[in-house]
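Below: one structure, written as structure tokens.
These numbers come from a predicted model, not from an experiment. One-based numbering, in listed order, for ligands and for the atoms of each.
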Amino acid sequence: MQRTMLAAGAALLALTALATAQTRPSYAPGPQNITLPADWQQRFVRYATVDKADRKIIRHMYVNPESFAAIRSGQPAPHGTLLIMADTRARLDPQGNPLLDTAGRFIPEPGWIAIGTQQKEAGWGEGYGPEQRNGEWEYAAFTGSGERRNIPLNSCFGCHLQARAGQDFNFTYWDYAQARR
Ligand code: HEC
């Protein structure tokens, strides 16, 4: 009886292992690894907003709540972190200059005009050369309405690597964690 149960258990384990191996696709580098979650606007936490005077846009930075709960100052973001940078136009006065709210910040026009993302998962980044690899981060670009943009992403890797290799390859999320505590 006990042996039968053991055998059944072993068979079940083997089956589970097989199923897991089959459902987890093998990693290949590239932006296809990142999916924009359908519910990110409801679920994600906005942790920073950056006014860009030169481009007259506002960048709204969001992160998944699981990562937001786990970040620590001076430490890399946890696996599973998805950073979403969603841009809006700034509202302009008749002369074309950005209008300011009472806090001196730009005022967003409704509607995203572009979305950039970076995501980190265990084992990602394999296959990129040292001149490009950003640890375990991948990048992907989307239109404002969330459609994938098939544009070259070398510059994303290059700039984030050059400026932020010592800060987990990102700008605002690292800085946010530093400032939070
Ligand atoms: C020339 C440098 C440069 C390039 C190229 C670049 N970024 Fe960034 N990125 C920044 C800076 C600086 C910030 C901080 C916000 C700001 O000041 O605009 C940022 C912020 C971000 C953020 C928000 C999280 C963070 O790191 O603060 C994401 C997501 C992002 N970039 C994705 C991308 C993607 C995707 C591309 C390529 C399509 C890209 N970036 C190309 C410099 C760059």
Side-chain angles (χ1 to χ4, degrees), residues 27-41 43-90 98 100 103-109 111-121 124-125 127-181:
Y27 170 80
Q32 75 284 351
N33 290 295
I34 301 183
T35 312
L36 202 56
D39 62 350
W40 73 267
Q41 297 188 68
R43 211 164 64 77
F44 279 37
V45 180
R46 189 172 77 185
Y47 66 89
T49 311
V50 181
D51 297 346
K52 302 294 271 189
D54 52 339
R55 294 180 53 196
K56 300 177 182 182
I57 63 164
I58 308 169
R59 322 200 89 161
H60 308 258
M61 312 303 192
Y62 291 84
V63 65
N64 55 306
E66 299 81 7
S67 171
F68 187 74
I71 47 162
R72 296 286 174 268
S73 173
Q75 290 187 20
H79 290 133
T81 296
L82 171 55
L83 301 176
I84 297 181
M85 176 173 71
D87 295 348
T88 59
R89 290 201 174 79
L100 302 180
R105 302 297 304 259
F106 289 2
I107 301 162
E109 291 285 8
W112 309 123
I113 54 169
I115 295 173
T117 61
Q118 62 183 114
Q119 184 175 348
K120 175 202 265 188
E121 297 291 347
W124 285 15
Y128 290 107
E131 75 294 343
Q132 199 179 11
R133 184 168 181 175
N134 278 211
E136 294 173 300
W137 292 97
E138 286 280 8
Y139 292 84
F142 300 87
T143 65
S145 50
E147 281 132 34
R148 193 175 289 280
R149 294 181 63 204
N150 290 315
I151 56 167
L153 301 171
N154 307 8
S155 69
C156 322
F157 285 90
C159 185
H160 281 243
L161 172 64
Q162 221 176 23
R164 287 286 173 145
Q167 285 107 347
D168 197 24
F169 308 98
N170 76 78
F171 294 86
T172 54
Y173 198 44
W174 177 273
D175 294 349
Y176 176 82
Q178 291 283 106
R180 191 161 79 165
R181 54 198 84 195

Counting only N and O atoms by type, is there a donor-acceptor contact under 3.5 Å from the side chain of N64 to the main-chain atoms of G80?
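Such a contact is found between N64 side chain and G80 backbone.
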Is the backbone of P31 close enough, under 3.5 Å, to the side chain of R148 for a donor and an acceptor to pair up by distance?
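The answer is yes, because a donor-acceptor pair under 3.5 Å joins these two groups.
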Which ligand 1 atoms, with their elements, are less than 4.0 angstrom from a heavy-atom of L83?
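In order of numbering, the contacting atoms are 24 (C), 29 (C).
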Would you mind listing which atoms of ligand 1 come within a distance below 4.0 Å of any non-hydrogen atom of R59?
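Answer, ordered by atom number: 18 (O).
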Closer than 4.0 angstrom: is that true for some heavy atom of Y176 and an atom of ligand 1?
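For ligand 1, residue contact (heavy atoms, under 4.0 Å) with Y176 is absent.
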Check if A140 has a non-hydrogen atom at a distance under 4.0 Å from any atom of ligand 1.
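Checking ligand 1 against A140, which is what was asked, there is a heavy-atom contact under 4.0 Å.
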Nearest protein heavy atom to [atom], by residue and atom, and its distance?
| atom | answer |
| --- | --- |
| atom 5 (C) of ligand 1 | S155 O, 3.2 Å |
| atom 17 (O) of ligand 1 | K52 NZ, 2.8 Å |
| atom 23 (C) of ligand 1 | M61 SD, 3.7 Å |

I'd like to check the side chain to side chain contact (heavy atoms under 4.5 Å, CB included) partners of K56; sequence neighbours left out, ordered by chain and number.
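With neighbours one apart ignored, the set is L92, P98.
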Under 2.8 Å from atom 8 (Fe) of ligand 1, which protein atoms of type N, O or S occur, listed by chain and number?
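Under 2.8 Å from atom 8 (Fe) of ligand 1 - ignoring waters, which are not counted - the protein N, O or S atoms are H160 NE2.
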Taking K120 first and then D168, would you say they form a salt bridge - that is, a charged N and a carboxylate O separated by under 4.0 Å?
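Yes, this pair counts.
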Under 6.0 Å between ring centres, would you say that holds for Y128 and F157?
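Ring centroids of Y128 and F157 are less than 6.0 Å from each other.
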Verify whether the ring centers belonging to F68 and Y176 lie closer than 6.0 Å.
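They qualify: ring centres under 6.0 Å apart.
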Using a cut-off of 6.0 Å, state whether more than 12 heavy atoms not belonging to E131 lie near its atom CD.
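Counting other residues, nucleotides and ligands, CD of E131 exceeds 12 neighbours.
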CZ (R89) with more than 12 external heavy atoms under 6.0 Å:
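Result for CZ/R89: open.
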Do Y173 and S67 have side-chain atoms, one donor and one acceptor, less than 3.5 Å apart?
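Yes, side-chain donor-acceptor contact under 3.5 Å.
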Who's closest to atom 24 (C) of ligand 1 heavy-atom-wise, of L153, D175, T172?
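Minimum heavy-atom distance to atom 24 (C) of ligand 1 goes to T172.
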Classify the contact between [X] and ligand 1 as side chain, backbone, both or neither, using a heavy-atom distance cut-off of under 4.0 Å.
| X | result |
| --- | --- |
| Y47 | side chain |
| R164 | neither |
| T117 | backbone |

Dump the intermediate steps for side chain to side chain contact (heavy atoms under 4.5 Å, CB included) on W137 and N170, then the final yes or no.
CA-CA 9 Å; W137 292 97; N170 76 78; 4.1 Å; yes
Quick one: OG1 on T88 to CD1 on I58, what's the gap to the nearest 0.5 Å?
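If we round to the nearest 0.5 Å, T88:OG1 and I58:CD1 are 4.0 Å apart.
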